[in-house]
Every structure is written in structure tokens, then in C-alpha cells.
**Q** 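Pasting a structure below so you can have a look.
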Amino acid sequence: MPELPEVESICRGLKPRLVGRCVKTAVVRCAKLRWPVPSDISKKISNQEILDIKRRGKYLLFIFDSSALMIHLGMSGFLHLVTNGNASTKHDHVDFVLDNGFLLRFNDPRRFGSVLLTEKDPLQHKLLKDLGPEPLGDDFDGKHLFNSAKNRSLAIKNFIMDSKVVVGVGNIYASEALFLAKIKPDASVCDINLQQYVLLADSIKSVLLRAIDAGGTTFRDFRNHLGEKGGFAESLYVYNRSGLPCRICGTTIEKITIGQRSTYFCPNCQKYG
DNA sequence: ACGAAGCCCTGCAAGC
DNA sequence: TGCTTGCAGGGCTTCG
């Protein structure tokens, strides 16, 4: 599934090929996503030039003169750049037909993604305006985590997955970052000191940067080729490794459920507060 | 106000 | 072999 590094890779890849191009029309094949694709989307962006492509959290933002497209890939969404006339396949939702003989196609089997349009600054859209800082930005650090945790009492894993605290930390990276920071995932945020939050913030940055360096490998591909050597899978310390020995101390990795999600940790390396 | 649970959806894998 | 069941995931929405 596309995580933040994957979305960042897509953004960097599309930018040089799409900025400056015009969208001739948008063809909606299946409007049913997390929210319905706006019925007037084609009318609103037809003959509009793509001025810029940005990322905010896991949202891709296509900036036009008087509107912006907000695309979230959910967990199975994918954007293909194909030649116009390319036969559509199952789960193709929207085609953005470009002025150069190509089209940008949004495909999403599980429909957790979204294609939305806004006519104001997308950063002020209700889905984006309350988001926390970017994890790789300068305004995200241990002090930010420490201050955000004041007067709260939830599990640290749920805390760092809260997009109001910091964006882009998904289920996989949450387990990995907590392992690197040596904190048990079910520890309460109020039992963690500033020094540990500094290490945790560094761990989040580190794991995301390593994933970007791995080329934005998706875990969907990883699963399809389970057992084979694949990019980021080789770097995982705990995720999807229950029953296997910790790469650091050899203790058996355990799996628990926190917030209805699978959570992996080393009972020896990771501590409470 | 906060925290936890519910929900959306499909593909895949495991169990019968 | 074919069916059923359970699980995975992001993140908004609802409930307590």
C-alpha cells in the first residue's frame, strides 16, 4: 500500500512530466470511492493547466489556476501514466486526459482512496487544515511530540499514528519507529520523557528516509513476493515478523492488537516509559 | 474534550 | 476443488 515515501516518490515522478500540461477532460468510470468523485470534475478542470503538484501528508495535490485536485491513494490506489487509448481495466476509476496523448489513470481496487476537487486553497480544505506537521520537516521534532502529548493518555502507537500529531506515519512505520526508539507500543504517552520523544522523532524520520531510499517499495509488492528478496522488507525489524527472532537480541518478536491494528514489538528491546 | 470503536471495500490466504 | 471465513489497511465518523 502506498505509504508516505511511496506518495512522495509518485509526486516526484509525476511533477516533471505533468506540470505545464493541460487536462483536456476527465473521464469518470466509477465514481464510487471513499467519497464520490465530484460529478462536475471534468467541467471544472477541462482545459486547465497543471501549475504544480504537491504532497501534504498522503494527499497528492494538483494545482490549477482556480481549483485543486486532491488525490488520496488509500491503501490500494495507484496512478498510472499511460497512452491515450490504453484499454481500461477493472477498478479504473478516473482518467485525466492530457494534451500530449497521455492520460493519468486512477485505479483503486479497495476504494479507500479519494479524488476530490476544491476551489479554495487545498491546504485550507477541511481534510487538510488541521493536519499535523510533516515528519521530515523542520517543525517536527521530539519537543513537538512531547508538547502534543501533554494532558493525554493514549497508547504511544495510536498517538504517532494520529495525523493531527504528525502526518504520514502508517501502521508499519509506527511499529518500526517504536522499535528503533526502544519504546513498547502500548506504553502511555504520559509515561514517556522528552529524551525518549527526541529519539522517537529521530526514529520516525530515519525509518521514512530509509523507505524513500529503498525506492518507495510498496508492501503490496512485498506480500506478492513473500519469501523473495525485496527492497524495504529486508529492512524491517519487527513488522510482520511475529515468532521470528529479533534482529538485535534474538528474542521472539510478538504481535498484539492496538487500536484494532496489528502491532509488532520486541519484548526485550522495547520498554515502558 | 478526549479516546476508542465502527465503518468503508476487495483480494488474498487459510481452513473446512 | 470449491466454498466460507478472517484479515489487512488509512483515516474519517460516530459513540461513549
Side-chain angles (χ1 to χ4, degrees), chain A residues 1-8 10 29-37 55-61 70-79 89-94 106-116 118 122 125-135 147-177 185-192 204 208 211 216-228 230 232-233 236 238-243 255-264:
Chain A
M1 63 297 305
E3 297 272 349
L4 185 143
E6 184 80 357
V7 178
E8 178 65 25
I10 292 170
R29 300 177 186 281
C30 176
K32 207 175 166 194
L33 287 168
R34 166 179 281 280
W35 298 285
V37 179
R55 179 188 62 76
R56 177 72 175 105
K58 292 178 185 171
Y59 283 90
L60 278 169
L61 308 175
M70 301 165 52
I71 296 184
H72 196 294
L73 301 175
M75 65 168 291
S76 59
F78 196 74
L79 285 165
T89 58
K90 199 177 181 183
H91 306 307
D92 284 343
H93 287 267
V94 188
F106 181 77
N107 178 289
D108 186 7
R110 297 192 193 178
R111 301 182 184 179
F112 275 32
S114 58
V115 175
L116 296 172
T118 180
H125 188 278
K126 73 165 187 170
L127 293 171
L128 301 187
K129 69 180 171 66
D130 294 323
L131 289 180
E134 290 286 333
N147 289 332
S148 302
K150 278 177 182 164
N151 302 316
R152 300 189 67 178
S153 63
L154 72 168
I156 184 65
K157 177 165 179 269
N158 288 340
F159 178 70
I160 60 174
M161 289 178 68
D162 181 348
S163 62
K164 288 185 174 62
V165 174
V166 58
V167 298
V169 180
N171 198 44
I172 294 154
Y173 294 135
S175 281
E176 291 298 309
D186 58 342
S188 172
V189 294
C190 53
D191 291 333
I192 295 167
I204 290 170
L208 292 175
T217 308
T218 68
F219 285 96
R220 188 188 170 96
D221 288 341
F222 160 61
R223 288 219 174 126
N224 283 348
H225 302 284
L226 193 63
E228 298 177 9
F232 195 70
L236 293 173
V238 289
Y239 186 82
N240 209 25
R241 296 194 70 245
S242 55
K255 175 183 177 180
I256 56 174
T257 298
I258 297 179
Q260 299 169 300
R261 289 212 159 76
S262 298
T263 305
Y264 302 84

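Note on naming: letters A, B, ... go to the chains in the order of the sequence lines (proteins, then strands), and numbering restarts at 1 for each one.
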**Q** Donor-acceptor pair, distance only, cut-off 3.5 Å: does the side chain of Asp162(A) make one with the backbone of Phe159(A)?
**A** no
**Q** Rounded to whole Å, please give me the gap between CZ in Phe112(A) and C1' in dC12(C).
**A** 11 Å
**Q** Got more than 12 heavy atoms from elsewhere within 6.0 Å of CG, Asn151(A)?
**A** no
**Q** Could you tell me the separation between the NZ atom of Lys157(A) and the P atom of dG3(B), rounded to a whole number of Å?
**A** 16 Å
**Q** Take Tyr264(A) and Lys126(A), find for each the nucleotide of DNA chain C with the closest heavy atom, and name the residue whose nucleotide sits nearer the 5' end.
**A** Tyr264(A)
**Q** Just to be sure I understand the rule, does Phe159(A) reach a base, reach only the sugar-phosphate, or reach nothing, if contact means heavy atoms closer than 4.0 Å?
**A** nothing
**Q** Just checking Lys90(A): base, sugar-phosphate only, or nothing, at a heavy-atom cut-off of under 4.0 Å?
**A** sugar-phosphate
**Q** Give the rounded distance in Å between these two atoms: CG of Asn171(A) and P of dA8(C).
**A** 9 Å
**Q** To the nearest Å, give me how far apart CZ (Arg34(A)) and C1' (dC7(B)) are.
**A** 9 Å
**Q** Over all strands shown, is Leu73(A) touching base, sugar-phosphate only, or nothing at heavy-atom distances under 4.0 angstrom?
**A** nothing
**Q** Taking the side chain of Trp35(A) as heavy atoms from C-beta outward, which of dG11(C), dG11(B), dC12(C) is closest to it?
**A** dC12(C)
**Q** What is the distance from CE of Met75(A) to C1' of dC7(B), rounded to the nearest Å?
**A** 15 Å
**Q** Using a cut-off of strictly less than 4.0 Å, decide whether Ser262(A) has a side-chain nitrogen or oxygen near OP1 or OP2 of dA8(C).
**A** yes
**Q** For the pair made of CG in Asp162(A) and P in dG3(B), what is the distance, rounded to whole Å?
**A** 9 Å
**Q** Rounded to whole angstroms, how far apart are CD1 on Ile172(A) and P on dG11(C)?
**A** 12 Å
**Q** How many Å lie between CZ on Phe78(A) and C1' on dG11(B), as a whole number?
**A** 17 Å
**Q** Is it the case that Lys157(A) and Asn171(A) place a side-chain donor and acceptor less than 3.5 Å from each other?
**A** yes
**Q** If you round to the nearest 0.5 Å, how far is CG of Leu4(A) from OH of Tyr173(A)?
**A** 8.0 Å
**Q** Would a distance-only check, ignoring hydrogens and angles, find a side-chain to backbone donor-acceptor pair under 3.5 Å from Arg34(A) to His72(A)?
**A** no
**Q** If you find the nucleotide of DNA chain B closest to Leu154(A) and the one closest to Arg111(A), which residue's nucleotide is nearer the 5' end?
**A** Leu154(A)
**Q** For His91(A) and dG11(B), is the shortest distance between a side-chain N/O and OP1 or OP2 below 4.0 Å?
**A** yes
**Q** Please confirm whether the shortest side-chain N or O distance from Gln260(A) to OP1 or OP2 of dA4(B) is below 4.0 Å.
**A** no
**Q** Is the phosphate of dG3(B), meaning OP1 or OP2, less than 4.0 Å from a side-chain N or O of Arg152(A)?
**A** yes
